[in-house]
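Please read the structure below before turning to the comments.
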Amino acid sequence: MAAELTVHQLIATHRPTLDQALEAIRTRAYWSPHPEHPKAYGEHGSLDMAAGKAAFDALLGTRLELGQPGTDGFVGGEVSPYGIELGVEYPHADVDALLPAMKAGQKAWRDAGAEIRAVVCLEILKRISDRTHEFAHAVMHTSGQAFMMAFQAGGPHAQDRGLEAVAYAYVEQVRTPDTAEWTKPQGKRDPLALTKQFTPVPRGIALVIGCNTFPTWNGYPGLFASLATGNAVLVKPHPRAVLPLALTVQVARDVLSEAGFDPNLVALTAERPGEGIAKTLATRPEIRIIDYTGSTEFGDWLEANARQAQVYTEKAGVNSVLVESAGDYKGMLANLAFSLSLYSGQMCTTPQNLLIPRDGIRTDEGPKTFDEVVADLARSVDGLLGDDARANALLGAIVNPDVKARLETAAGLGEVALASREIANPEFPGAVVRTPVVVKLDGAKPDDEAAYMSECFGPVSFAVAVDSASDAVELLRRTIREKGAMTVGAYTTDEEVEQAVQEVCLEEAAQLSLNLVGGVYVNQTAAFSDFHGSGGNPAANAALCDGAFVANRFRVVEVRREA
């Protein structure tokens, strides 16, 4: 690792990548500088699988020193959903000492300008990418994701989202020129002439409140959007998923220091058991930006109470898939089965409600009754997860006891079409692994509505019988409007139904996937091309990532002088 990084080195190394990212967000075409396959990271040295696992193992039972001011002790206590005690300790901060220290470095960071901030951020992401195998184990053992998903979603896909945020931040900051010469003619008199200088200035200290399930994927957009726009960033991880974000902070501090900036521009605040520091931090006057992913209840609290801050929330919604007809019935079933199973449904984008006409649907295999569709889907899930090794690789582990409790309760809400079963994980006997449950409900019954109109986060889906396609469309509209949705799916061969679903999603601002039958799933989004959330319905007040996600993290201040 270099002792110092010059501006020239950083620009020469990372400006081409930044330019490619700028082109990708303009065209929305596929692009990623971060390989998805583990073997792409080298078979020898610091990048390979064995080295990454060894690096993770070496972290267990250690104290992660960050050299932050205001450290008044160390905290830990993470236990992997796979049954391993991590035993890592992290600095606990006296925020009265830490926050002023963080603010002290903002002037030099602000004056560096948009390009330098961007390439420093890209150097941080590059060093994280070089340790993707190590980060993958950290994500796996804090979130419960299976290794391959932790590797991809917690590694390259998270890094892509961070880079995407940097690209959007750069675009918005350079939209206004640094200087302008302004001359206004005055007829026979001398013209009025001014020299104008425009400077993007940060709002203040940004707070990233991390989530348990996707600590890097959900944490990186806000972290890098705020840092690239000149703000210091305080990272408050979820108590059960500290390690991935603590390692991120460590890398960021190293790079900032080597590049000649104050490392305290990025800091970590871990919490003691039951301390609940998020509310305290969120209302501090120094905190001017908040990024949060998690429950609707706390997201609503932040939006109502953190009045001094610009708050970006990704909360929860009720995701629906409308099934009206199918041109590829087997492909539809396979695609839905994978979507319901991936990471045990512990994704904010996993479908919950399957809206199916009670009289059945038309398919390329002939008409199918409601019961046949649900039974065939259950068999498809069973087939996908019938081999325990494959099931473990798809399901991962249940992230916390609340998810397990919801799964067990769901079976009592209606007729069970697919029962959940336990799966043993030979490598990790302490892991809690469960297959999805599918429950039949009636869209016309008020008691059933109470179930399907509430989010049931985890491997729980409801097959909801509706009277007609038009009733399904209206239920879809009401669900998005009242509860929000991160994703919507629809299967139909009817042009009028397709147009009706599309119109609902446009009016209610929900991201729609139509007739997916291949290797792309409703609960997956690609950085630089897909928008994650819209910011236009109750599930989230921001999208990852667009101009609105970054533009209000800074303001432009003008200085005018006589020419």
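- Within the 3.5 Å criterion, the main-chain N or O of Ile287 finds a donor-acceptor partner in the side chain of Gln308.
- Asn231 CG to Leu265 CG: the interatomic distance, rounded to the nearest 0.5 Å, is 10.0 Å.
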Applying side chain to side chain contact (heavy atoms under 4.5 Å, CB included), run through Gln152 and Gln524 and close with a yes or a no. CA-CA 12 Å; Gln152 293 184 338; Gln524 297 173 318; over 6 Å; no

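- Proximity of a side-chain donor or acceptor of Glu36 to a complementary backbone N or O of Pro156 within less than 3.5 Å is not detected.
- Looking only at distances, a side-chain donor or acceptor of His133 sits under 3.5 Å from a matching main-chain atom of Pro38.
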Check the pair Leu64, Val242 against side chain to side chain contact (heavy atoms under 4.5 Å, CB included), reporting the backbone distance first and the verdict last. CA-CA 11 Å; Leu64 198 69; Val242 183; over 6 Å; no

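- Between the OH atom in Tyr170 and the CG atom in Asp19 there is a gap of 7.5 Å [rounded to 0.5 Å].
- A pairwise comparison of heavy atoms in Leu245 and Gly210 identifies CD1-CA, 4.2 Å as the closest pair.
- For the pair Lys126 and Glu123, the salt-bridge criterion is not met [side-chain N within less than 4.0 Å of a carboxylate O].
- Between His137 and Phe56, the ring-plane angle classifies as parallel under the 30° and 60° cut-offs.
- When all heavy atoms are compared, the tightest approach of Ala51 to Asp48 is N-OD1, 2.7 Å.
- The line from CD1 of Ile289 to CZ of Phe554 is 10.5 Å long, rounded to the nearest 0.5 Å.
- In this structure Phe214 satisfies the ring-ring contact (aromatic ring centres under 6.0 Å, His included) test together with Tyr343, sequence neighbours excluded.
- A salt bridge links Arg284 with Asp96; the closest basic N to acidic carboxylate O contact falls under 4.0 Å.
- Using a 4.5 Å cut-off on side-chain heavy atoms (C-beta onward), Thr13 and Val119 make no contact.
- Annotation: the span from Thr313 atom OG1 to Asp300 atom CG amounts to 7.5 Å, rounded to 0.5 Å.
- Between Lys483 and Glu455, no side-chain nitrogen of the basic residue sits less than 4.0 Å from a carboxylate oxygen of the acidic one, so the salt-bridge criterion is not met.
- Using modelled atom types, one finds a donor on one side chain and an acceptor on the other under 3.5 Å when comparing Glu181 with Thr195.
- In this view, Ala228 and Cys121, Val166, Ala169 satisfy the side chain to side chain contact (heavy atoms under 4.5 Å, CB included) rule, not counting sequence neighbours.
- Counting only N and O atoms by type, the side chains of Tyr90 and Glu78 include a donor and acceptor under 3.5 Å apart.
- Checked by atom type, the side-chain pair Thr525/Arg161 shows a donor-acceptor distance below 3.5 Å.
- Put simply, the side chain of Thr280 does not reach to within 4.5 Å of the side chain of Val95, judged on heavy atoms.
- Under the 3.5 Å distance criterion, the side-chain polar atoms of Thr487 are matched with a main-chain donor or acceptor of Thr349.
- Checked by atom type and distance alone, the side chain of Thr142 pairs as donor or acceptor with a backbone atom of Val139 at under 3.5 Å.
- A cation-pi contact, defined as under 6.0 Å to the ring centre and within 45° of the axis, links Arg28 to Phe531.
- With a 6.0 Å radius and a threshold of 12 heavy atoms from other residues, nucleotides or ligands, Glu558 has its CD atom above the threshold.
- Screening Leu247, Thr216, Val251 for a side-chain contact (heavy atoms from CB on, under 4.5 Å) with Ile128, the sole residue that qualifies is Val251.
- Nearest heavy atoms, Pro538 versus Lys315: O-CE, 3.4 Å.
- Between Gln20 and Pro33 the shortest side-chain heavy-atom distance does not fall below 4.5 Å.
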Kindly indicate, with the supporting measurements, whether the criterion side chain to side chain contact (heavy atoms under 4.5 Å, CB included) is fulfilled by Glu172 and Arg175. CA-CA 5 Å; Glu172 295 300 326; Arg175 189 182 300 281; 2.9 Å; yes

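- A salt bridge links Arg15 and Glu115; the closest N-O separation between the charged side-chain nitrogens and carboxylate oxygens is under 4.0 Å.
- A donor-acceptor pair under 3.5 Å links the side-chain atoms of Asn400 to the main chain of Val403, judged by distance alone.
- Contact check for Val559 versus Arg561: side-chain heavy atoms found under the 4.5 Å cut-off.
- Without hydrogens or angle criteria, Arg253 side chain to Val266 main chain gives a donor-acceptor distance under 3.5 Å.
- Taking the six-membered ring wherever Trp is involved, the centroid distance between the rings of Phe549 and Tyr168 does not fall below 6.0 Å.
- The distance from atom CG of Leu223 to atom CG of Asp291, rounded to the nearest 0.5 Å, is 8.5 Å.
- Residues Glu164 and Pro221 form no side-chain contact, since every pair of their non-hydrogen atoms from C-beta on lies 4.5 Å or further apart.
- The neighbour count for Lys196 NZ, taken as heavy atoms of other residues, nucleotides or ligands under 6.0 Å away, is above 12.
- Panel note: side chain Ser257, backbone Asp254; no donor-acceptor pair is recorded below 3.5 Å.
- A 4.5 Å side-chain heavy-atom check between Glu134 and Leu59 finds at least one atom pair inside the cut-off.
- Every pair tested for ring pair (Phe, Tyr, Trp, His ring centres under 6.0 Å) that includes a residue from residues 229-259 fails, sequence neighbours excluded, so the list is empty.
- Remark: the His532 side chain and the Gln511 side chain contain no N/O donor-acceptor pair separated by less than 3.5 Å.
- Put simply, the side chain of Val120 reaches to within 4.5 Å of the side chain of Leu256, judged on heavy atoms.
- Exactly one residue among Val488, Asn537, Ile480 makes a side-chain contact (heavy atoms from CB on, under 4.5 Å) with Glu508. That residue is Ile480.
- By the 6.0 Å contact criterion, CZ on Arg560 is open, its count of non-hydrogen atoms from other residues, nucleotides or ligands being 12 or less.
- Gln186 CD: more than 12 foreign heavy atoms inside a 6.0 Å radius.
- Under the 30°/60° scheme for interplanar angles, the aromatic rings of Tyr292 and Phe298 are found to stand perpendicular.
- Within the 3.5 Å criterion, the main-chain N or O of Pro244 finds a donor-acceptor partner in the side chain of Thr248.
- Geometric assessment of Arg553 against the ring of Tyr312 yields a positive cation-pi assignment under the 6.0 Å and 45° thresholds.
- To the nearest 0.5 angstrom, Leu281 atom CG is 9.0 Å from Ile290 atom CD1.
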Going through the distances and angles, do Ile116 and Leu10 end up as a side chain to side chain contact (heavy atoms under 4.5 Å, CB included)? CA-CA 8 Å; Ile116 293 175; Leu10 289 168; 5.6 Å; no

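- Annotation for Ala539 and Met486: closest pair CB-SD, 3.8 Å, computed over non-hydrogen atoms.
- In summary, the side chains of Arg203 and Asn552 do present a donor paired with an acceptor at a separation below 3.5 Å, with no hydrogens or angles considered.
- Leu512 approaches Cys505 most closely through the heavy-atom pair CB-SG, 3.9 Å.
- When every heavy atom of Ala29 is checked against every heavy atom of Ser529, the shortest pair comes out as O-CB, 4.5 Å.
- Between the side chain of Trp182 and the backbone N or O of Leu192 there is no donor-acceptor pair closer than 3.5 Å.
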